[in-house]
Amino acid sequence: MGKSKVLVVGGTGYMGRRIVKASLAQGHPTYVLQRPEIGLDIDKLQMLLAFKKKGAHLVEGSFSDLESLVRAVKLVDVVICPMSFRSHNILLQLQLVEAIKRAGNIKRFLPSEFGFDPARMGHALEPGRVSFDDKMVVRKAIQDAKIPFTYVCGAGFAGYFASNLSQMGTLIPPKEKVLIYGDGNTKVSIVDEDDIAAYTIKTIDDPRTLNKTLYLRPPENELSQKQLVEMWENLIGKKLEHISISEEDFLASMKGMDYAGQVGVGHFYHMFYEGALTNFEIGEEGEEASKLYPEVKYTRMNEYLKNYA
């Protein structure tokens, strides 16, 4: 059996571009949906052309044209849709589910996931819970249509949570003061986005992950915020001023914020006060990525932070 042919929908996005590269690197015939909605976005077009140069196939298709999606899906074995929740387009994937159902040839679908497991976020705070609710609508449609699936989730992106020591409103580490959530000891899983992509592609031909959730919890990257801060302090040879914020004060900070700010506070609350990425045991419904694929030499966060020192 040759390697599965892969269609990436959303291949120019933050995770999508990494998944395209990982698919090519692992030797899969790789197709990327080229949507007419790209319009005059020259950066996205040039990214697509760069993928083509590296061996990817560009396939035209649009969410507003179901038949074009069916044609694209019929070319491949596996569909991956790493669509950003921030685009508020999660439910567009229902069109993709319909196309997969009509095509009838797909042996695995990986919808937009990667962060919190939405099946464990029924208690999530408004307004940020909408992304979890939407993902569960998509999951239900996948399972109702009996489409084989793998859900990849359970990690915070290193670019958003490690580089800034998990500070809101910045993507680079603080130089003088650091805000600590509660006691700073809640464990979170933080994974380099390129490693997430590598694990995602590893799973598509693996029968062990068929109709299961792949959790991204490599043991050395399950860290508390305090451990992350300490790594940075050791790197720069300087102790930062630690300012602790209580759960109550953190939630109160949501008042008066715009929509995006409120979503951010809710997600940070679930991650750093509740520990929603790590506060459960992985049961029979799931597998842990680093255990299944020890050959992926995942980036440790003390190494990752050296990029910013």
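- Atom-to-atom distance recorded for Arg217:CZ and Leu277:CG is 8.5 Å, nearest 0.5 angstrom.
- In this structure, Leu75 CG and Asn105 CG are separated by 8.5 Å, a value rounded to the nearest 0.5 Å.
- Judged by distance alone, with hydrogens and angles left aside, the side-chain atoms of Lys239 form no donor-acceptor pair with the main-chain N or O of Glu233 at under 3.5 Å.
- Considering every non-hydrogen atom in both Val76 and Leu7, the closest pair reads CG2-CB, 3.6 Å.
- Under 4.0 Å is where a charged nitrogen must lie from a carboxylate oxygen, and between Lys238 and Glu176 at least one such pair does.
- Taking 4.0 Å as the cut-off between side-chain N and carboxylate O, Glu287 and Lys212 count as a salt-bridged pair.
- Within the 3.5 Å criterion, the main-chain N or O of Lys3 finds no donor-acceptor partner in the side chain of Asp205.
- Considering only heavy atoms from C-beta on, Asp41 stays 4.5 Å or farther from Thr12 through its side chain.
- Of the residues Asp133, Asp117, Asp134, the one that meets the salt bridge (Lys or Arg N to Asp or Glu O under 4.0 Å) test with Arg139 is Asp117.
- The shortest distance between side-chain heavy atoms of Tyr31 and Val8 does not fall below 4.5 Å.
- The aromatic rings of Phe157 and Phe114 sit tilted, their planes meeting at an angle between 30° and 60°.
- One finds a salt bridge joining Glu98 and Arg102 here, because a Lys/Arg side-chain nitrogen approaches an Asp/Glu carboxylate oxygen to under 4.0 Å.
- Within the 4.5 Å cutoff, the side chain of Gln227 has heavy atoms near those of the Lys187 side chain.
- Counting all heavy atoms, side chain and backbone alike, Pro127 lies closest to Val263 at CG-CG2, 3.9 Å.
- Counting heavy atoms from C-beta outward, Ile142 and Phe109 have side chains that approach closer than 4.5 Å.
- The two residues Asn211 and Ile147 have their closest heavy-atom pair at OD1-O, 4.2 Å.
- Side chains of Ser4 and His28 form a contact here, defined as non-hydrogen atoms less than 4.5 Å apart.
- Between Phe116 and Phe132, the ring planes are perpendicular. Angles over 60° get that label, and only those under 30° would be called parallel.
- Here CZ of Phe63 is found 8.0 Å from CG of Asn89. Values are rounded to the nearest 0.5 Å.
- To the nearest 0.5 Å, atoms CZ (Phe268) and CZ (Phe272) are separated by 5.5 Å.
- The heavy-atom pair separating Thr213 from Cys153 by the smallest distance is CG2-SG, 3.4 Å.
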Donor-acceptor pairs under 3.5 Å, side chain of residues 290-297 to any protein atom, not counting sequence neighbours: which ones?
{"residue": "Ser290", "atom": "OG", "partner": "Glu288", "partner atom": "OE1", "Å": "2.4"}
{"residue": "Ser290", "atom": "OG", "partner": "Glu288", "partner atom": "OE2", "Å": "3.4"}
{"residue": "Tyr293", "atom": "OH", "partner": "Asp206", "partner atom": "OD2", "Å": "2.7"}
{"residue": "Glu295", "atom": "OE2", "partner": "Lys202", "partner atom": "NZ", "Å": "3.1"}

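- Val9 and Val137 end up in the same hydrophobic cluster when Ile, Leu, Val, Met, Phe, Trp and Tyr side chains are linked at under 4.5 Å.
- Using modelled atom types, one side-chain atom of Thr150 and one backbone atom of Thr209 make a donor-acceptor pair closer than 3.5 Å.
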Sequence neighbours left out, cut at 3.5 Å: what donor-acceptor pairs do the side chains of residues 300-309 make with other protein atoms?
{"residue": "Arg300", "atom": "NE", "partner": "Glu220", "partner atom": "OE1", "Å": "3.3"}
{"residue": "Arg300", "atom": "NH1", "partner": "Tyr298", "partner atom": "O", "Å": "2.8"}
{"residue": "Arg300", "atom": "NH2", "partner": "Glu220", "partner atom": "OE2", "Å": "3.2"}
{"residue": "Glu303", "atom": "OE2", "partner": "Lys306", "partner atom": "NZ", "Å": "2.9"}
{"residue": "Tyr304", "atom": "OH", "partner": "Gly159", "partner atom": "N", "Å": "3.3"}
{"residue": "Tyr304", "atom": "OH", "partner": "Tyr308", "partner atom": "OH", "Å": "3.4"}
{"residue": "Asn307", "atom": "ND2", "partner": "Tyr304", "partner atom": "O", "Å": "3.1"}

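- Across Val97, Val6, Val73, Leu69, a single residue satisfies side-chain contact (heavy atoms from CB on, under 4.5 Å) together with Val79, and that is Val73.
- Counting heavy atoms of neighbouring residues, nucleotides and ligands inside a 6.0 Å radius, atom CD of Glu247 exceeds 12 of them.
- Distance check, rounded to the nearest 0.5 Å: CD1 of Ile106 to CG of Leu96 gives 9.0 Å.
- With no hydrogens or angles considered, a side-chain donor-acceptor pair links Glu37 and Ser62 at under 3.5 Å.
- Residues Pro174 and Asn164 share a closest heavy-atom pair of CD-O, 3.8 Å.
- Put simply, the side chain of Ser23 never gets that close to the backbone of Ile19: no donor and acceptor are under 3.5 Å apart.
- In terms of modelled atom types and a separation under 3.5 Å, the side chain of Ser253 and the main chain of Phe250 share a donor-acceptor contact.
- With a 4.5 Å cut-off on side-chain heavy atoms, Tyr151 and Lys135 do not count as touching.
- Side-chain contact check for Met121 versus Arg129: every heavy-atom pair is 4.5 Å or farther apart.
- Contact check on Asp77 versus Lys107 returns no salt bridge, with no Lys/Arg side-chain nitrogen under 4.0 Å from an Asp/Glu carboxylate oxygen.
- A pairwise comparison of heavy atoms in Gln225 and Gln167 identifies NE2-NE2, 3.4 Å as the closest pair.
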Item to check | Working for side-chain contact (heavy atoms from CB on, under 4.5 Å), residues Tyr160 and Leu171 | outcome: CA-CA 6 Å; Tyr160 284 93; Leu171 294 173; 4.0 Å; yes
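- Summarising the geometry, atom CG belonging to Leu179 is positioned 10.0 Å from atom CE belonging to Met168; distances are rounded to the nearest 0.5 Å.
- Ser131 places a side-chain heavy atom less than 4.5 Å from the side chain of His267.
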